[in-house]
Protein chains: 2
Amino acid sequence: MRAVYSCGLEATFDVIGGKWKCLILWRLHPDARRFGELKRLVTGITEKMLIQQLREMEADGLVRRQAYPEIPPRVEYSLTPMGISLKELLGPLCEWGSKYIEQMGGQHLCEDAETQTQCVPG
Amino acid sequence: MRAVYSCGLEATFDVIGGKWKCLILWRLHPDARRFGELKRLVTGITEKMLIQQLREMEADGLVRRQAYPEIPPRVEYSLTPMGISLKELLGPLCEWGSKYIEQMGGQHLCEDAETQTQCVPG
DNA sequence: CAGGATCCGGGCCGATACTG
DNA sequence: CAGTATCGGCCCGGATCCTG
C-alpha cells in the first residue's frame with residue numbers, strides 16, 4: 001500500500017494488481033487452504049511468488065495466516081472479511097473478460113478453464 | 001492480449017492492468033478527449049506513457065482514435081462500446097478502494113480526489 | 001511440509017530531447 | 001498540437017538450491 005491515492009481504484013489495483021493475487025483470492029474462499037494445496041491450485045506459480053504474494057496480502061489485511069505448531073508444520077491461509085468483500089466484486093470482471101475473449105475472436109480460454117471453475121465465485 | 005487464459009479475470013487484468021489504463025478509461029467517457037486534454041486530466045503521466053497506453057487500448061478494442069486532417073492537428077480518443085461496458089464495472093472496485101483506504105487508517109486519499117471526481121462514473 | 005536465499009533477465013515506467 | 005526517439009533504473013517474476 002502506498003501513501004497517497006488520487007482515486008480508490010488505485011488502491012484496489014495496488015492491492016490485487018500483478019499477475020497472481022486475484023487468482024490466489026479465488027482459491028482462498030470459502031475454504032481455507034494450506035500452502036502446498038494452494039500451490040497446486042494456482043497453476044504455474046512458484047513457491048517464491050506464492051509466499052511473497054501471500055505476505056503482501058496479509059500485510060494489506062486481505063489474508064489471514066494461521067500456523068499450527070505441529071510436526072510436520074501446518075499453515076492455513078484464509079480471507080479476512082475485507083478480502084471476501086473484494087473477492088465478491090471480481091465476479092463481473094471475470095465474466096467481462098470471458099465475454100471479451102470470446103468476442104475478440106476465439107479459442108483463447110484453455111479447455112480446462114471451465115472445469116477448474118476458476119471464475120466461479122465460491 | 002495474450003494467447004491463452006485460464007480465467008476471464010486474467011484477460012481483464014491484461015487489458016486494464018498497469019499503472020495508467022484504468023485512469024485513462026475514466027477520462028474517456030462519456031466525452032471524447034483530445035490528446036493534450038487527456039494529458040492534463042491524467043495527472044502525472046508522460047506523453048510517452050499516454051500514447052503507449054492509448055495504442056495498446058486501441059489494439060485491444062477498448063479505445064477508438066479519430067484523427068482530423070487539420071492544421072494544427074487534432075485527434076480525439078473515445079471509448080468503444082466494449083470499453084464503456086468495462087468502465088461501468090469499475091465503479092464498485094473504486095468504492096471498495098476508497099472504503100479500504102478509510103478503514104486502513106487514514107488520510108491516504110489526497111484532498112482534491114473528491115473534486116477531481118476521478119471515481120465518479122460519468 | 002512450509003518456507004528462505006540468491007541470481008538473473010525482461011519489461012514497465014520515467015526523464016529528456018526532438019519533430020511535422 | 002500530437003506525437004517520436006533514445007537512454008536507463010528498478011523491480012517483477014522465474015529458476016535453482018537450501019533448511020527447520
Side-chain angles (χ1 to χ4, degrees), chain A residues 1-7 9-10 13-25 27-28 31-60 63-78, chain B residues 1-7 9-10 13-25 27-28 31-60 63-78:
Chain A
M1 209 181 155
R2 295 212 307 259
V4 171
Y5 297 95
S6 63
C7 169
L9 256 188
E10 291 186 88
F13 273 75
D14 236 32
V15 153
I16 48 158
K19 186 175 179 179
W20 298 112
K21 283 179 182 171
C22 56
L23 297 175
I24 296 174
L25 215 61
R27 298 307 194 173
L28 288 181
D31 301 318
R33 303 288 188 184
R34 301 184 57 173
F35 183 83
E37 195 178 5
L38 210 47
K39 186 188 161 190
R40 280 189 304 277
L41 289 172
V42 181
T43 317
I45 196 169
T46 63
E47 294 181 349
K48 172 194 164 185
M49 290 314 294
L50 180 55
I51 191 62
Q52 181 178 303
Q53 304 300 304
L54 282 171
R55 294 246 188 274
E56 290 181 16
M57 294 167 81
E58 190 189 356
D60 287 338
V63 162
R64 197 166 46 109
R65 189 190 116 111
Q66 175 87 337
Y68 299 89
E70 304 172 359
I71 306 282
R74 180 161 66 100
V75 178
E76 284 189 351
Y77 294 92
S78 57
Chain B
M1 205 179 159
R2 294 211 307 257
V4 171
Y5 297 96
S6 63
C7 169
L9 255 188
E10 291 186 86
F13 273 76
D14 235 32
V15 153
I16 47 158
K19 186 174 178 179
W20 297 112
K21 283 178 182 171
C22 58
L23 296 176
I24 295 174
L25 215 62
R27 298 307 194 173
L28 289 180
D31 300 318
R33 302 288 189 183
R34 301 184 57 172
F35 183 84
E37 196 179 4
L38 209 47
K39 186 187 160 192
R40 279 189 304 278
L41 289 172
V42 181
T43 317
I45 196 169
T46 63
E47 295 180 350
K48 172 194 164 185
M49 291 313 296
L50 180 54
I51 191 62
Q52 182 178 304
Q53 305 299 305
L54 282 171
R55 294 245 188 275
E56 291 182 16
M57 294 168 81
E58 190 189 355
D60 288 337
V63 161
R64 197 165 48 105
R65 188 192 116 110
Q66 173 87 337
Y68 299 89
E70 303 174 358
I71 306 281
R74 180 160 66 100
V75 178
E76 284 190 350
Y77 294 91
S78 57

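Every chain is numbered from 1 and lettered A, B, ... according to where its sequence line falls, protein lines coming before strand lines.
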Closest non-hydrogen atom pair, B:Pro73 against B:Arg34: O-NH2, 3.5 Å

Verdict with reasoning, B:Leu28 to B:Leu54, per side-chain contact (heavy atoms from CB on, under 4.5 Å): CA-CA 11 Å; B:Leu28 289 180; B:Leu54 282 171; 4.3 Å; yes

Closest non-hydrogen atom pair, A:Glu47 against A:Phe35: O-CZ, 4.1 Å

Touch class at under 4.0 angstrom, heavy-atom based, for A:Tyr77 against every strand present: sugar-phosphate

Check against side-chain contact (heavy atoms from CB on, under 4.5 Å), B:Glu58 and B:Arg55: CA-CA 5 Å; B:Glu58 190 189 355; B:Arg55 294 245 188 275; 4.3 Å; yes

Interatomic distance, A:Glu10 CD vs C:dC13 P [rounded to whole Å]: 13 Å

Whole angstrom value for the distance that separates C1' of D:dA2 from CD of B:Gln66: 15 Å

Below 4.0 Å: OP1/OP2 of D:dA2 and any side-chain N or O of B:Arg34: yes

Annotated protein contacts, base or backbone, on nucleotides 4-20 of chain D with a non-hydrogen cut-off under 4.0 Å, one of B, S, - each: B-BB-----BBB----B

Euclidean distance, atom CD of residue A:Glu76 to atom P of C:dC1 [Å, nearest integer]: 15 Å

Check: B:Arg27 side chain, B:Arg33 main-chain N or O, donor-acceptor pair, under 3.5 Å: no

Between D:dG3 (P) and B:Leu50 (CG): distance, integer Å: 9 Å

B:Arg74 side chain near D:dA2 phosphate (N/O to OP1/OP2, under 4.0 Å): no

Partner set under side-chain hydrogen bond (donor to acceptor under 3.5 Å, both in side chains) for A:Gln53, not counting sequence neighbours: none

Contact under 4.0 Å: B:Arg33 side-chain N or O vs D:dC1 OP1/OP2: no

Gap between atoms CG and P, on A:Leu54 and C:dG3 respectively (whole Å): 8 Å

